[in-house]
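Chain naming here is simple, since letters A, B, ... match the order of the sequence lines and numbering starts at 1 in each.
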Protein chains: 2
Amino acid sequence: MIMQKKLTINDIARMAQVSKATVSRVLNRHASVDPVLRERVMDIVQEHNFVPNVTATELANGRTRLIGVLAPPLNWPAIPEIMHGVSEYIETTPYEVVLYSMNLERNHSDVLDRILAMRMVSGLLAILPGGLSSHLDTFFQQGLPLVMIDDQKEPTHIPWVGIDNFSSAYEATNYLLQLGHRRIAHIMGPRHYYCALQRLEGYQQALLEAGIPLEPDLLLQGEFEPASGRRCAEMLFAQDRGTWPSAIFVGNDQMAYGVLEVAEERKIQVPEAVSIIGFDDNLLSAHMRPPLTTMHQPFMEMGYQATKLLLNMIDPEHVHKPEQKWQAFSSSLPDTTKNDHSSRIQIPTHLVTRTSSGAFHPRLL
Amino acid sequence: MIMQKKLTINDIARMAQVSKATVSRVLNRHASVDPVLRERVMDIVQEHNFVPNVTATELANGRTRLIGVLAPPLNWPAIPEIMHGVSEYIETTPYEVVLYSMNLERNHSDVLDRILAMRMVSGLLAILPGGLSSHLDTFFQQGLPLVMIDDQKEPTHIPWVGIDNFSSAYEATNYLLQLGHRRIAHIMGPRHYYCALQRLEGYQQALLEAGIPLEPDLLLQGEFEPASGRRCAEMLFAQDRGTWPSAIFVGNDQMAYGVLEVAEERKIQVPEAVSIIGFDDNLLSAHMRPPLTTMHQPFMEMGYQATKLLLNMIDPEHVHKPEQKWQAFSSSLPDTTKNDHSSRIQIPTHLVTRTSSGAFHPRLL
DNA sequence: TTGTATGCGTTATCAC
DNA sequence: GTGATAACGCATACAA
């Protein structure tokens, strides 16, 4: 019914006995159009289910309705959630998502060059761009609408959506302190991740404020994935029980999974013998045994807000422009951020208390 | 360096002192171009890093370089892997992926209509289209290049990539039979999934050939997710031990996770007391405790082959056409299917034997 | 082999 | 308010 005849705006014009300019004006909701003509045109349009050719529209406008999303492999824990948020917002607009999923072996900067050079997308959302972020920076300088999600470098002037890693880590550590723990270990992520550094600082700050000296033995470094969590846990539990921490703040959930495994293998009761708290609140964390206490990162919300920010940069009017597409939908997500107009959006995290953490009680010998 | 001046083919023509037609011919590798001119043009092109505007190219060609991918939520277990395969092939072509990720609550057929009406994509890859498949069918009739991955309906004439669910289930069941099991339960998926039905038939066929009567009590139906697996497992283990199966063939890994949980809670040894085998080989299955024996579905390969098939439908020459883009890359995946020219590709599965399954030994009372 | 001219389907800029 | 008409950037039939 729809692909049959490739109707063009000219056909509609002829049928409605007006000029194509008028048809275009009707289609684009231009005010100055005789209501009678308007209706005559719309009737024909609807009768034939006419939709303007998007490519021609783009050529005439000098701008595509595509935004590129640069994403790490989709099987990374947080990516599907972020993409969910992206889709959620995109659906309320006339834009679509072009997915560039990167495998990390390759350096995709050449691909990036081509994409941008051919003007395929009118903006870019970069999720965890990592090594590409400096390359992206030069594009941003040249005027490319760009938003980064949770980048791994120091803060820049590039529009950004993420969380406050320092405060979140501080809060997580404080929670353990309030449970009575004093020997609190931290398994941090790789030092080249800015977030890992921030979380470390939050942890240290909390300890210092509680008057607890930092013990080098209680700080280990992993790779943000389960195997490294295992490794670090084994080191923590290598010596005699007296040296064990009573709580471990793990830099992310993935590593915490590894810690839980080691604890189970060694029959170390969680949380009785050792409390464990993660960071991220990945989908699986609620289903660990025991369910993992962790700092919740609102990944979906991050994707949503980042997309919203990007579209406001590309086309500030997109929200108000009457387009058929959004009459059908309305956003299901509320605006939880106050600083909508900022180009640096921090989304609040919150602690999710589950059973992997509990009050400290002196080691039973 | 690249976004500066919006060079057009006209600029290049002027600088090279040729007509824009010639520039176009050079860019598109037309044979009949004087090598001298060709080089002169290419020099200018490279010097200025010129890339043709993709929108204009598309308008002139009457065809976009976008393929739409209709996908279920990305956090469904197999989707990231499938998408990985899609990306892997797409990278070898000049096409890009527009991601339409569907949340299941909404009926997206109207969105689909718009997308196709505006001619944004030149082909569609539908992953588990489910309820949309009949709607898609009408588009296919009208000439839309379309490939489905693992659809949930009966086989149609629509190009398709998937596995042989019947044979795979048959093989899985036979494996249990060869381990000596005789009371083999099956937790099937929802009956409205064609694959669930096929797997059931494979299971039954294997039992029948072994001369084992089908016991209704040993057949349960879940929803393809963990909670339903739990529920079914609890039913199987509800009565006295004498009635328990010694092995369970679970319709997919997700449900098998639920079964493993129940077994652990009830201290039912796996595989000593009961062998468990899943279907799919999701990423997590290797990390279950115990690691799950399961029928491996090559999801990445499916995504790869489906994309390849689709691009051959859209543009049979795309493999040979000399494009800058693929000089940089070459496919890392071999062709494992023989029937490349068929429009119905079955990709072989294989059993992955891990520790959740073992030889039958009589119940120790 | 190369250049000219036209088409691709819209939008926007003019006159009217 | 409305209608010609010129962009938009490229591809290609046709002529040279």
**Q** From C-beta outward on B:His30, which listed nucleotide comes closest to its side chain: D:dC10, D:dT12, C:dG9?
**A**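 Shortest atom-to-atom distance from the side chain points to D:dT12.
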**Q** To the nearest angstrom, how far is B:Arg29 atom CZ from D:dT12 atom P?
**A**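 Answer to the nearest Å: 15 Å.
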**Q** What is the distance, to the nearest angstrom, from the CZ atom on A:Arg63 to the C1' atom on C:dT11?
**A**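 Checked: the CZ to C1' distance equals 13 Å.
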**Q** Taking the side chain of A:Val33 as its heavy atoms from C-beta onward, which of D:dT2, C:dC8, C:dT10 lies nearest to it?
**A** D:dT2
**Q** Report the distance from atom CG of B:Leu59 to atom P of D:dC8, rounded to the nearest whole Å.
**A** 14 Å
**Q** Enumerate, in order of first residue number, the stems that involve DNA chain D, defined as 3 or more consecutive Watson-Crick or G-U wobble pairs with both distances under 3.5 Å.
**A** C:1-16 with D:1-16
**Q** Side chain of B:Asn53 only, heavy atoms from C-beta on: which candidate in C:dG9, C:dT11, D:dC10 is closest?
**A** D:dC10
**Q** Side chain of B:Ser32, heavy atoms from C-beta onward: which of D:dT2, C:dG9, C:dT1 has the nearest atom to it?
**A** C:dT1
**Q** In Å, rounded to the nearest 0.5 Å, how long is the span from CG of B:Leu146 to OG of B:Ser343?
**A**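 Answer rounded to 0.5 Å: 11.0 Å.
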**Q** Atom CD1 of A:Ile9 to atom C1' of D:dT5: distance rounded to whole Å?
**A** 14 Å
**Q** For DNA chain C, whose closest nucleotide is more 5', that of B:Arg38 or that of B:Ala60?
**A** B:Arg38
**Q** Using modelled atom types and a 3.5 Å cut-off, is there a donor and acceptor pairing between side-chain atoms of A:Asn28 and backbone atoms of A:His30?
**A** no
**Q** Atom CD of A:Gln17 to atom P of D:dT2: distance rounded to whole Å?
**A**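 In whole Å, D:dT2 P lies 14 Å from A:Gln17 CD.
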**Q** Using a heavy-atom cut-off of 4.0 Å across all strands, would you classify B:Val18 as base, sugar-phosphate, or nothing?
**A**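 Counting heavy atoms under 4.0 Å across all strands, the contact made by B:Val18 is with sugar-phosphate only.
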**Q** Take the protein atom CE of B:Met118 and the nucleotide atom P of C:dG9, then report the distance between them rounded to whole Å.
**A**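 Distance, rounded to whole Å: 16 Å.
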**Q** Once you round it to whole Å, what is the distance between C1' of C:dT10 and CG of A:Leu7?
**A**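 Roughly 15 Å, once rounded to whole Å.
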**Q** What nucleotide among D:dC10, C:dT2, C:dT10 has an atom nearest to a side-chain atom of B:Ala56?
**A** D:dC10
**Q** Can you tell me if B:Arg38 has over 12 outside heavy atoms packed within less than 6.0 Å of its CZ?
**A**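 Result for CZ/B:Arg38: open.
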**Q** Check whether any side-chain heavy atom of A:Glu58 sits under 4.5 Å from a side-chain heavy atom of A:Arg63, and report yes or no.
**A**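 Not in contact.
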**Q** Could you state the CG-P distance from B:Leu37 to C:dG3, rounded to the nearest angstrom?
**A**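 About 7 Å, once rounded to whole Å.
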**Q** Over 60° means perpendicular and under 30° means parallel, so tell me whether A:Tyr304 and A:Tyr89 are parallel, tilted or perpendicular.
**A** perpendicular
**Q** Give each protein N/O atom lying under 3.5 Å from an N/O atom of nucleotides 4-6 of chain C, with the pair distance.
**A**
none

**Q** Go through the steps to decide whether A:Arg14 and A:Asp11 satisfy the test salt bridge (Lys or Arg N to Asp or Glu O under 4.0 Å), and finish with yes or no.
**A** CA-CA 5 Å; A:Arg14 188 165 13 82; A:Asp11 301 320; 2.6 Å; yes
**Q** Cut-off 3.5 Å, no hydrogens considered: what does the side-chain donor-acceptor table look like for residues 121-137 of chain B, sequence neighbours left out?
**A**
| residue | atom | partner | partner atom | Å |
| --- | --- | --- | --- | --- |
| B:Ser122 | OG | B:Thr64 | O | 2.9 |
| B:Ser122 | OG | B:Leu66 | O | 3.3 |
| B:Ser133 | OG | B:Gly130 | O | 2.9 |
| B:His135 | NE2 | B:Asp113 | OD1 | 2.8 |

**Q** Hey, does the side chain of A:His48 reach the backbone of A:Ile44 with a donor-acceptor pair shorter than 3.5 angstrom?
**A**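 Answer holds: yes.
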**Q** Just by distance, do the side chain of A:Thr57 and the backbone of A:Asn53 share a donor-acceptor pair under 3.5 Å?
**A**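 The answer is yes, because a donor-acceptor pair under 3.5 Å joins these two groups.
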**Q** Taking only the side-chain nitrogens and oxygens of B:Asn28, find out if one of them lies under 4.0 Å from OP1 or OP2 of D:dA11.
**A** yes
**Q** Between A:Glu96 (side chain) and A:Ile67 (backbone), is there a donor-acceptor pair under 3.5 Å?
**A** no
